[in-house]
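So you know, we letter chains A, B, ... as the sequences are listed, proteins then strands, and number each from 1.
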Protein chains: 2
Amino acid sequence: MTFNELIQLEGLVVEKAKTEPVFRQGDNNQSLYFLQSGLLKAYYTCVDGKEFIKSFVMPGDTIGSLTSVHAKERCSFSLMCLEPSSLIEIPFVKIREHCAKDPELAQHMIEFLLQFSMKKEKREFQLLCLSAKDRYTLLLEESPQLLQQVTQNDLARYLGVTPVGLSRIKNRVLKA
Amino acid sequence: MTFNELIQLEGLVVEKAKTEPVFRQGDNNQSLYFLQSGLLKAYYTCVDGKEFIKSFVMPGDTIGSLTSVHAKERCSFSLMCLEPSSLIEIPFVKIREHCAKDPELAQHMIEFLLQFSMKKEKREFQLLCLSAKDRYTLLLEESPQLLQQVTQNDLARYLGVTPVGLSRIKNRVLKA
DNA sequence: ACTGGTCATTACCTTAGGTTAAGCGCTATG
DNA sequence: CATAGCGCTTAACCTAAGGTAATGACCAGT
């Protein structure tokens, strides 16, 4: 079985409007979500109410809270629609069940997790080694279309600075 | 087959002295390493020569460059011994081969990758949401023994500040 | 006992980024 | 229309962190 076949078999189509949440930090959510169309943001909310954006989710991406689906804890982050979005919800237990029965699917799962880990590793690298300015210019090169789709507020919280800070960075980059 | 059985079957024991590299950033290394005893640091070296520590590797941990073993690129980071270390080297192709043949092992691999991803996610959270001071106090709570084992220079590069910066943070935490 | 090396601390200065507040343009809604 | 709200920019002020350099402690090797 391939991933697509699994999605056909066990997936539930979910339609969400702009600003609607898929799940919230602290929820007990046991599903992964495959994004067909639209745009999502995954973000942490800190005790003092500050928001930090973990990642933007583009069509074709799959997302879910590993700590919730696998470690049986609560969701460590929230997931919200930035655009009207069409998602396919797949209960994680179903995935594990099918993987246990179907070696081919298990291979796809391994492949998926390897890709996922490499993505995490890349983000970790950028946060550890690059300045906010470098992260911005890198994003400018790698996914310029994202800059059109998200507000500067969200972009700033993704890069790890305040919106005011990002405005300054943009100026500095332009003048350079 | 379990992971331990795979290690018995395909593993090569490697002994390294303090300061010896396991592999270097830019290398083409195709193995994972299981640490039996000792201590390693995984670190990035930037163009300007600055060093950033990705993670410390403790006995029982497994490490390797995903981009090198899986994506057929070069190692994105270096791996070096901070203490005399005993490692078991396992070629990644062997792991993939056995996983393809052995569904039980594939399940263990999925489990391993899920754990690995959660670890990455935790680090990502700390780098994105916490200040250097908060990361330090958290480390103080969660793995105080690490502070005894690594130099303050390495600790600083792990937390994302300079050694001088960490010295200041320690002072501030003490006085608080 | 020297000596060179690494590690930690301190002091002085520079700078990136946070905070707050004001202003401007766009858009949605009454 | 009118206005309230949001997104973005800019400015002023301030704080925290980094750069650099000097100092001292502590080894390890000759």
Side-chain angles (χ1 to χ4, degrees), chain A residues 17-20 39 41 43-53 56 80-84 126-140 144 146-176, chain B residues 17-20 39 41 43-53 56 80-84 126-140 144 146-176:
Chain A
K18 195 169 171 169
T19 75
E20 251 190 295
L39 182 66
K41 69 169 171 181
Y43 60 101
Y44 298 105
T45 310
C46 290
V47 278
D48 57 3
K50 255 179 244 157
E51 181 182 317
F52 294 89
I53 296 186
F56 296 106
M80 183 177 123
C81 301
L82 295 181
E83 300 292 341
Q126 292 181 8
L127 289 170
L128 179 63
C129 301
L130 301 185
S131 67
K133 173 172 160 290
D134 290 343
R135 289 197 290 272
Y136 172 71
T137 53
L138 193 61
L139 197 68
L140 214 55
L146 195 63
L147 307 203
Q148 310 307 319
Q149 291 181 286
V150 307
T151 69
Q152 194 162 305
N153 276 358
D154 280 339
L155 197 63
R157 288 175 199 118
Y158 174 72
L159 294 173
V161 295
T162 58
V164 181
L166 178 54
S167 183
R168 274 192 289 248
I169 288 173
K170 282 173 74 174
N171 266 323
R172 242 185 301 148
V173 170
L174 269 181
K175 282 167 194 157
Chain B
K18 195 168 170 171
T19 76
E20 251 191 294
L39 182 65
K41 68 170 170 181
Y43 61 101
Y44 298 103
T45 310
C46 290
V47 277
D48 57 3
K50 255 180 246 160
E51 179 182 319
F52 294 90
I53 296 187
F56 296 106
M80 184 179 120
C81 300
L82 295 180
E83 300 292 339
Q126 293 181 8
L127 288 171
L128 179 63
C129 302
L130 302 185
S131 66
K133 175 173 161 288
D134 289 343
R135 289 197 289 273
Y136 172 71
T137 54
L138 193 62
L139 196 67
L140 214 56
L146 194 64
L147 307 203
Q148 310 307 317
Q149 290 181 285
V150 308
T151 69
Q152 194 162 307
N153 277 0
D154 280 339
L155 196 62
R157 289 177 199 119
Y158 174 73
L159 294 174
V161 296
T162 58
V164 182
L166 178 54
S167 181
R168 279 189 285 250
I169 288 173
K170 282 173 72 175
N171 268 324
R172 243 184 300 149
V173 170
L174 269 181
K175 281 169 195 154

With sequence neighbours excluded, what pairs up with [X] under the side chain to side chain donor-acceptor pair (under 3.5 Å) test?
X: A:K18; result: none
X: B:D134; result: B:S131
X: A:E83; result: none

Which residues share a salt bridge (Lys or Arg N to Asp or Glu O under 4.0 Å) with B:E51, sequence neighbours left out: B:K41
Chain A footprint on DNA chain D, 5' to 3' - any atom under 4.0 Å from a heavy atom: D:dG7 to D:dA12
Indicate, with a heavy-atom threshold strictly under 4.0 Å, whether B:A132 touches base, sugar-phosphate, or nothing. nothing
Taking only residues two or more places apart in sequence, or in another chain, which ones meet [X] in a side chain to side chain contact (heavy atoms under 4.5 Å, CB included)?
X: A:T45; result: A:Q25, A:Y43
X: B:L140; result: B:Y136, B:L147
X: B:E20; result: B:K16, B:A17

Shortest non-hydrogen contact between A:L146 and A:F56, atoms and distance: CD2-CD1, 3.6 Å
Below 3.5 Å between N/O atoms, which protein atoms pair up with nucleotides 19-29 of chain C? Just atom names and distances, please.
none

Would you please confirm or rule out a distance under 4.0 Å between OP1 or OP2 of C:dT10 and any side-chain N or O of B:N171? yes
Phosphate oxygens OP1/OP2 of C:dT9: is one of them under 4.0 Å from a side-chain N or O of B:Q152? yes
Describe, as an angle rounded to 10 degrees, how the axis at the first end of the helix from C:dA1-D:dT30 to C:dG30-D:dC1 is tilted relative to the axis at the last end, five pairs per end. 30°
Pairs meeting criterion salt bridge (charged side-chain N to carboxylate O under 4.0 Å, His left out) with involvement of residues 156-171 of chain A, two or more places apart: A:D154-A:R157
